[in-house]
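First up is the structure itself, then whatever we jot down about it.
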Amino acid sequence: MITIHNFARGARGLRAMWQCEEMGLPYQVEMVSFPPSEAYRALNPLGSVPFLEDEGGVAINESVAMMLYIAQKYGPTPLLPAKDDPALARVMQLTVFGEATIGAGLNSLMEAHFGAPEADKRNWSVLRQEARLEHALRFAAGALGARHFIAGDDLTLADISMSTALGIWRGALGKTLPDSLAAYQERLAARPAYQRARARCNGQSGSPQS
């Protein structure tokens with residue numbers, strides 16, 4: 001069975017949980033303390049979360065890698081188009097974009113917001129990074145357009161990736177989103193699969209699948 005190690009309320013681990021819920025896959029959640037224990041570091045030397053284990057000795061970091069692994073191992077699934085579907089390229093691009101461009105850019109802002117001395121919370125590098133992310137969000141809003149989902153007519157991995165990044169920007173950092181992206185994120189957050197995953201991510205009890 002898939003095991004997802006995560007901090008309580010850890011946004012990136014939520015991606016994998018949400019995907020499992022959408023696909024109807026059983027999974028279990030192991031909460032990681034902060035700072036991580038020596039036992040966890042022995043399992044995952046980076047000490048980072050999320051971290052996924054599965055049968056056959058699978059043990060991987062990186063939330064987008066986890067999503068791609070789950071889709072390919074336990075698919076086919078509408079969340080990841082088939083290799084001969086022209087939509088695959090767009091889904092792959094926007095899935096990676098949600099983390100590599102937006103999500104990764106949030107890390108330094110989170111560190112400055114919560115950990116930097118007061119004089120450094122709004123320094124040049126912070127302002128520059130905010131401007132880069134605002135540009136990326138405008139790109140995302142354009143990619144979404146008037147659609148319900150960012151990569152096409154149906155939910156895909158791109159939505160799961162993007163929604164998580166938007167949630168960190170809007171929730172943890174208290175930033176605003178373009179109206180279309182705010183409505184998009186709220187639609188996704190209303191999905192029953194997301195709600196079940198969020199409950200598991202927050203440390204609430206539930207069945208192995210929900």
Side-chain angles (χ1 to χ4, degrees), residues 4-19 29-38 40-41 43-52 60-68 93-144 150 157-189 194 197-198 200-203:
I4 301 166
H5 300 263
N6 199 38
F7 294 138
R9 298 178 295 281
R12 289 175 170 90
L14 176 58
R15 284 176 171 150
M17 298 176 203
W18 181 4
Q19 180 180 353
V29 178
E30 294 289 341
M31 291 301 174
V32 179
S33 61
F34 185 82
S37 67
E38 289 301 317
Y40 181 70
R41 288 185 177 277
L43 182 67
N44 174 21
L46 276 177
S48 61
V49 297
F51 181 68
L52 180 146
I60 57 174
N61 297 290
E62 303 298 340
S63 60
V64 170
M66 295 175 192
M67 294 166 63
L68 294 171
Q93 176 203 356
L94 291 171
T95 299
V96 174
F97 178 85
E99 178 59 17
T101 298
I102 299 181
L106 291 168
N107 291 341
S108 60
L109 294 187
M110 296 275 285
E111 290 179 4
H113 183 75
F114 292 107
E118 195 62 36
D120 291 329
K121 288 185 183 294
R122 303 292 299 163
N123 66 20
W124 179 88
S125 63
V126 171
L127 296 177
R128 177 60 182 147
Q129 186 61 31
E130 286 182 350
R132 292 181 65 187
L133 286 176
E134 286 165 356
H135 177 70
L137 291 172
R138 289 192 294 272
F139 172 85
L144 177 64
I150 201 162
L157 297 185
D159 299 294
I160 295 175
S161 174
M162 190 71 66
S163 178
T164 301
L166 299 181
I168 297 172
W169 173 261
R170 192 181 191 188
L173 291 174
K175 304 292 187 180
T176 59
L177 289 170
D179 289 346
S180 62
L181 290 183
Y184 162 73
Q185 192 204 13
E186 289 164 7
R187 286 195 303 272
L188 294 177
Y194 173 87
R198 184 176 180 182
R200 296 289 300 277
C201 188
N202 291 348

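Quick note: numbers below take in every heavy atom, side chains included, and nothing from hydrogens, waters or symmetry partners.
Scanning all heavy atoms of the two residues, the minimum distance from I4 to A16 falls at CD1-CB, 3.7 Å. C201 and N6 make their closest contact through SG-ND2, 3.5 Å (heavy atoms, listed as atom of the first residue, atom of the second, distance). The heavy-atom pair separating N44 from S48 by the smallest distance is ND2-O, 2.7 Å. Closest approach of P36 and V32 over heavy atoms only: CB-CG1, 4.1 Å. Considering all non-hydrogen atoms of both residues, S180 and L144 come closest at O-CD2, 3.7 Å. Across all non-hydrogen atoms, the minimal contact from R15 to V64 is NH1-CG2, 4.5 Å.
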Review item, side-chain donor-acceptor pairs of residues 157-168, under 3.5 Å, at least two apart:
residue : atom : partner : partner atom : Å
D159    : OD1  : I150    : N            : 2.9
D159    : OD1  : Y184    : OH           : 2.6
D159    : OD2  : T156    : N            : 2.9
S161    : OG   : T95     : O            : 2.7
T164    : OG1  : I160    : O            : 2.9

Atom pairs and distances, donor-acceptor, side-chain atoms in residues 101-115, under 3.5 Å, two or more places apart:
residue : atom : partner : partner atom : Å
N107    : OD1  : R12     : NH2          : 3.2

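Among residues two or more places apart in sequence or in another chain, the ring-ring contact (aromatic ring centres under 6.0 Å, His included) test is passed with W169 by none.
Separation of atoms CD (E62) and CD (E99) is listed at 7.0 Å; rounding is to 0.5 Å. Atom CZ of residue R198 and atom CZ of residue R9 lie 10.5 Å apart, to the nearest 0.5 angstrom. Taking CD of E30 as the reference point, atom OH of Y40 lies at 10.5 Å (rounded to 0.5 Å). A distance of 8.0 Å separates CG of D120 from OG of S125, quoted to the nearest 0.5 Å. One distance of note links CZ of R132 with NE2 of H135; it measures 9.5 Å at 0.5 Å rounding. Note that CG of N202 and CZ of R200 are 11.5 Å apart. Values are rounded to the nearest 0.5 Å.
With contacts defined as side-chain heavy-atom distances shorter than 4.5 Å, the pair V126/K121 does not qualify.
Taking the six-membered ring for Trp and thresholds of 30 and 60 degrees, Y194 and W18 have ring planes more than 60 degrees apart, a perpendicular arrangement.
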